[in-house]
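Scroll down for the structure; my scribbles are underneath it.
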Amino acid sequence: MSKSSGDVRIENPLMPAGGWGSLGEVTTILFDQRVPLKDSRLLLKQNKPDGYACVSCAWAKPANPHPFEFCESGAKATAWETTSKSIGADFFQQHTVTELEAWDDHRLEDQGRLTVPLRYDAHTDKYREIAWDTAFAEIGAALRSYEPKKVVFYSSGRASLETSYMYGLFARMYGNNNLPDSSNMCHESTSVGLQKTIGVPVGTVVLDDFEKTDCIFFFGQNVGVNSPRMLHQLQAARKRGVPIITFNPLRERGLVSFTNPQSPLEMLTGHETAISTQYHQVKPGGDTAAVMGLCKAILALDDAARNGGAQRVLDTAFLLEHTQGFEEFEAAVRACEWSDIERESGLWRTDLESAAAVYCKASAVMAIYGMGLTQHRNGVQNVTMMVNLLLLRGNIGKPGAGVCPVRGHSNVQGQRTVGITEKPELAPLDKLKEQFGFEPPREPGMNTVEACEGILANKVQAFIGLGGNFVRAVPERGLMEAAWRELPLTVQIATKLNRNHVIHGKASYILPCLGRIEIDRQAGGPQDVSVEDSTACMHGSRGMAEPAAATLLSEPAIVAGIAKATLAPNPRVDWDRWVADYSTVREAIAETYPEIFHDFNQRMWTRGGFRKPVAAANRVWKTESSKAVFTVPEELKGNPDLSGAPATLRLFTVRSDGQFNTTIYSHDDRFRGVYGSRMVLFMSRADMAKHALAQGDVVALRTAASDGVERRVAGLTIVPYDVPPGCIAGYFPELNGLIPLWHHAKESKVPAAKAIDVILERDRRPS
Ligand SMILES: Nc1nc2c(c(=O)[nH]1)N[C@H]1C(S)=C(S)[C@@H](COP(=O)(O)OP(=O)(O)OC[C@H]3O[C@@H](n4cnc5c(=O)[nH]c(N)nc54)[C@H](O)[C@@H]3O)O[C@H]1N2
Ligand SMILES: Nc1nc2c(c(=O)[nH]1)N[C@H]1C(S)=C(S)[C@@H](COP(=O)(O)OP(=O)(O)OC[C@H]3O[C@@H](n4cnc5c(=O)[nH]c(N)nc54)[C@H](O)[C@@H]3O)O[C@H]1N2
Ligand SMILES: [Mo]
């Protein structure tokens, strides 16, 4: 694994996803991170009924797991947390913060685990160790002096249900709903789109459905890298002959073929399973148009069936009994021209017709999707359009069918379930009032984009981060980093050093915490926590590795420490008791949300998890009309209004197999055959010819927006790749400086990281 971000090496990415390459990567990272042997054996406990929930993605954990219910990405995340590398006070004595600012993301985190609480000292420009009690007292005093509406409580989606519940309660007792989280940059388009069409904010599919489905539509999700355990379900489905129809601008290895590294036979014979049976390289942002085409083709097949006296293609009984708005939708589809569909989707009518034919032959279809749908100006519309497609043949609420958003962080869905939300209507405020005897704030809080706007406008006094790397993950890097330094207070609860610690507020604290894989010893003995997976199933998780340092506190203990130092005592909220015994937090959660969490402590170790009620999965529609709702798309355009200056290319940002979000494990991307640098642009040969570029040429990108802000990233090496002409791909977070803050999904405010119009400029030839 190469470490430098200097020279780029480009190879043909011939290997299938999984396979020997995957095993090699696991061994390398365990070795690089000097993971003790006993901890590497812990991988066998990952996602097991009595083990710990993987800290990588949120994919479902089966009731009967494979002996090795982990994947390359999960092993990397485990190695990254259980590393024996660590940094204490002496590290920060040796390096000024200005010096650390010049380090790249990989180097910062690769120092290892943070071990002591730190406070920034402006005189020496260094972080210095501070006692936990002093840190809490100082942070509490500062928070008491601020206006509660001007403080932001961010969470990245990893913290447990217990921590998240305590954190949300703390924010509300303090006096705001300013609880943005990583899902504001991620699946918020799902939460908004599904809620308004099928009455639930989450997917309807469970693992069992993979065994019953006849057909899978797969939109904009890179399963081989970002949720590889799902490859098991996909491979099994493919072996049953289930077609998988993929829509993705980029030909992703994991969506093309897969070798199961846990099958000795496949490894020895080099057997690969072809995953996608059709692969449609849709234009970024073109999914609404593509699905419009599918629906148009389905209506045509239905017309033909009706005219020929054959069985209807549409599920008319379902449409009548369960849906609303079909007529308007049908009229809109019929009125839509194929030429518009082809232009906006970048796909041929005949291709869409052949995908529609497969859809119509299947009796149970599921739609799986990720950031390719949600991170667009029309991200919510992409989601509701996909729902339209499913509704046509009653593909929601029956076995083998349904909606399957693939969530990112391992508990991002769960955090929402237990009250991390800036939307007061989504939190049980009356219940909290009754349970804890305080007056919860009723005004809407700030989501991620609004928190950024507040910070840019100097309207935020403090930012508390429960995990994550906010300033690196958000758009508008240039303006955000500058404004960030003006924040009066930043507090980061974290496991690893990252950019958000070296770009910091005037007063700044880093509070190091235990990770979920570690044993969490409290007054009441070792504690377990719980998380919710992508299919709405709750799981217990037991820490098993020795903590990285004896000086670490758990996340619940840190949240309680700050809360106690900030709030007036409330006899009904016993923070100490909660920290001593997390089962008492679960009792409180069960009291707040009895329908979901009754008997939480007894049920948390249920094999395969216990599921929260998802009404739509039973064809109960919690919408205004009590029906599933068809929605007419406002427009087909993928990128309606990022303009002003004429663009030359449309950029979409993606993840590599060497990263977890802003955590950069290495500068290599094995699946795409790029080694040694992440400063690359994937470009079609047609565009290379058009712009007279050769492989290895170095270019710069400027955002095509005429709002007076200069957004430019230089030093990007051209890599020829199979992407549609007119479109280029590059890496998140390196290219975040190109995304204007206002370039976000219309209703959900998810930054539109998958379609940014840019202008290509010559940078320099490699010397
Ligand atoms: N190893 C690893 N695992 C992870 C993460 C990680 O960084 N590393 N991150 C976690 C998190 S927080 C999340 S949210 C998920 C993210 O997982 P994904 O949803 O897979 O996210 P991305 O890699 O950003 O890109 C998704 C895919 O969308 C395609 N795409 C881009 N634009 C479009 C479009 O307009 N239409 C369509 N149809 N496709 C498009 C891209 O080519 C890419 O294959 O993964 C989680 N798991
Ligand atoms: N351009 C572009 N931007 C994007 C995206 C994109 O696709 N393109 N994707 C968006 C998405 S989907 C997401 S989810 C966001 C991600 O945004 P974030 O969730 O804010 O970022 P991460 O990189 O996941 O956070 C990594 C840090 O979390 C800390 N950490 C790790 N484990 C723990 C733990 O157990 N406890 C605590 N307290 N801290 C821990 C470590 O210090 C580590 O440095 O980025 C978004 N930004
Ligand atoms: Mo995410």
Side-chain angles (χ1 to χ4, degrees), residues 55-59 71-74 76-77 80-81 105 108-109 114 154-160 163 181-187 218-223 225-228 246-252 254-255 280-287 290 369-376 382 405-410 412 448 465-475 492-501 510-517 555 558 638 652-663 665 723 727 729-736 738-739 750-751 753-756:
V55 296
S56 192
C57 80
W59 185 237
C71 63
E72 175 182 333
S73 301
K76 284 179 179 168
W80 208 246
E81 183 168 309
D105 297 312
L108 288 172
E109 284 212 30
L114 294 158
Y154 172 70
S155 30
S156 166
R158 193 174 284 195
S160 64
T163 308
D181 75 346
S182 58
S183 89
N184 289 148
M185 300 181 248
C186 187
H187 266 293
F218 214 105
F219 297 95
Q221 204 271 339
N222 186 12
V223 55
V225 167
N226 295 327
S227 54
T246 296
F247 290 82
N248 196 313
L250 203 145
R251 279 191 83 81
E252 299 280 23
L255 284 163
H280 300 290
Q281 289 183 271
V282 62
K283 260 209 285 206
D287 298 86
Y369 69 96
M371 298 299 98
L373 290 196
T374 62
Q375 295 179 330
H376 282 290
N382 286 338
V406 187
R407 301 273 169 171
H409 271 295
S410 52
V412 64
T448 291
L466 175 59
N469 190 359
F470 187 86
V471 84
R472 191 72 172 129
V474 297
Q492 304 287 345
I493 303 166
T495 52
K496 292 280 183 85
L497 184 63
N498 67 37
R499 188 136 189 102
N500 217 157
H501 308 149
I510 304 175
L511 306 179
C513 64
L514 291 172
R516 188 155 75 225
I517 307 171
E555 289 179 324
I558 296 172
F652 58 105
T653 56
V654 293
R655 295 158 162 80
S656 80
D657 103 296
Q659 78 185 93
F660 188 91
N661 299 339
T662 70
T663 294
Y665 302 130
V723 288
C727 308
Y731 291 121
F732 147 57
E734 284 77 3
L735 298 176
N736 280 31
L738 293 170
I739 312 175
V750 170
K754 297 288 188 266
I756 310 147

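In listed order, ligands and their atoms are each counted from 1.
- Taking 4.0 Å as the cut-off, Cys513 counts as a neighbour of ligand 2 on heavy-atom distance.
- Below 3.5 Å of separation, one finds no N or O of Arg407 facing any N or O of ligand 1.
- The shortest N or O to N or O distance between Ser656 and ligand 1 is not below 3.5 Å.
- The one candidate from Asn184, Thr448, Ile739, Asn736 that meets the side-chain contact (heavy atoms from CB on, under 4.5 Å) condition with Val474 is Thr448.
- Proximity of Phe652 to ligand 1, defined as any heavy-atom pair under 4.0 Å, is confined to the side chain (atoms from C-beta onward).
- With Thr163, Asn500, Leu511, Thr663 as candidates, the residue nearest to atom 26 (C) of ligand 2 on a non-hydrogen basis is Thr663.
- Residue-to-ligand polar distances keep Gln375 apart from ligand 1: every N/O pair is separated by 3.5 Å or more.
- Residue Val225 has at least one N or O atom closer than 3.5 Å to an N or O atom of ligand 1.
- Looking at Phe732 next to ligand 2, no N or O pair under 3.5 Å apart turns up.
- A pairwise comparison of heavy atoms in Thr653 and Lys754 identifies O-NZ, 2.7 Å as the closest pair.
- At the shortest separation from atom 25 (O) of ligand 2 among protein heavy atoms lies Gly468 CA, 3.2 Å.
- For atom 23 (O) of ligand 2, the nearest non-hydrogen atom of the protein is Thr662 OG1, 2.6 Å.
- Distances between N or O atoms of Pro284 and those of ligand 1 include no value under 3.5 Å.
- Considering each of Lys754, Glu555, Glu734, the one bringing a non-hydrogen atom nearest atom 37 (C) of ligand 2 is Glu555.
- Of the protein's heavy atoms, Tyr154 OH, 3.4 Å lies nearest to atom 18 (P) of ligand 2.
- Polar contact with ligand 1: present for Asn222 (N/O pair, distance under 3.5 Å).
- Of the protein's non-hydrogen atoms, the one nearest atom 43 (C) of ligand 2 is Glu109 OE2, 3.4 Å.
- Every atom of ligand 2 is numbered from 1 in the order shown, and the set under 4.0 Å from a heavy atom of Cys186 is 12 (S).
- Among all non-hydrogen protein atoms, the one lying nearest atom 16 (C) of ligand 2 is Asn661 ND2, 3.6 Å.
- In this structure, atom 8 (N) of ligand 2 lies nearest to the protein heavy atom Thr653 OG1, 3.0 Å.
- Distances between N or O atoms of Leu497 and those of ligand 2 include no value under 3.5 Å.
- The option from Ser182, Ala753, Ala159, Ala494 that lies nearest to atom 14 (S) of ligand 2, judged by heavy atoms, is Ser182.
- At a 3.5 angstrom cut-off on N or O pairs, Val282 does not count as close to ligand 1.
- Among Pro512, Pro475, Ala473, the residue whose heavy atom sits closest to atom 15 (C) of ligand 2 is Ala473.
- Not a single heavy atom of Ser227 sits less than 4.0 Å from an atom of ligand 1.
- Residue His409 places no N or O, backbone or side chain, under 3.5 Å from any N or O of ligand 1.
- Nearest-heavy-atom check against atom 40 (C) of ligand 2 across Thr374, Thr495, Asn469 picks out Thr495.
- Of the options Thr662, Asn469, Leu497, Asn500, a side-chain contact (heavy atoms from CB on, under 4.5 Å) to Leu108 is made by Leu497 and by none of the others.
- Here the heavy atom of the protein found nearest to atom 35 (O) of ligand 2 is Arg158 CD, 3.5 Å.
- Between Arg516 and ligand 2, a contact under 3.5 Å exists for no N or O pair.
- Contact annotation: for Gln221 versus ligand 1, heavy atoms closer than 4.0 Å belong to both the backbone and the side chain.
- When the ring-ring contact (aromatic ring centres under 6.0 Å, His included) test is applied to Phe219, the partners found at least two apart in sequence or on another chain are Phe247.
- At a heavy-atom distance under 4.0 Å, only side-chain atoms of His376, from C-beta outward, approach ligand 1.
- For a threshold of 3.5 Å applied to N or O pairs, the pair formed by Met371 and ligand 1 contains at least one separation below that value.
- Here the protein heavy atom with the shortest distance to atom 46 (C) of ligand 2 is Met185 SD, 3.5 Å.
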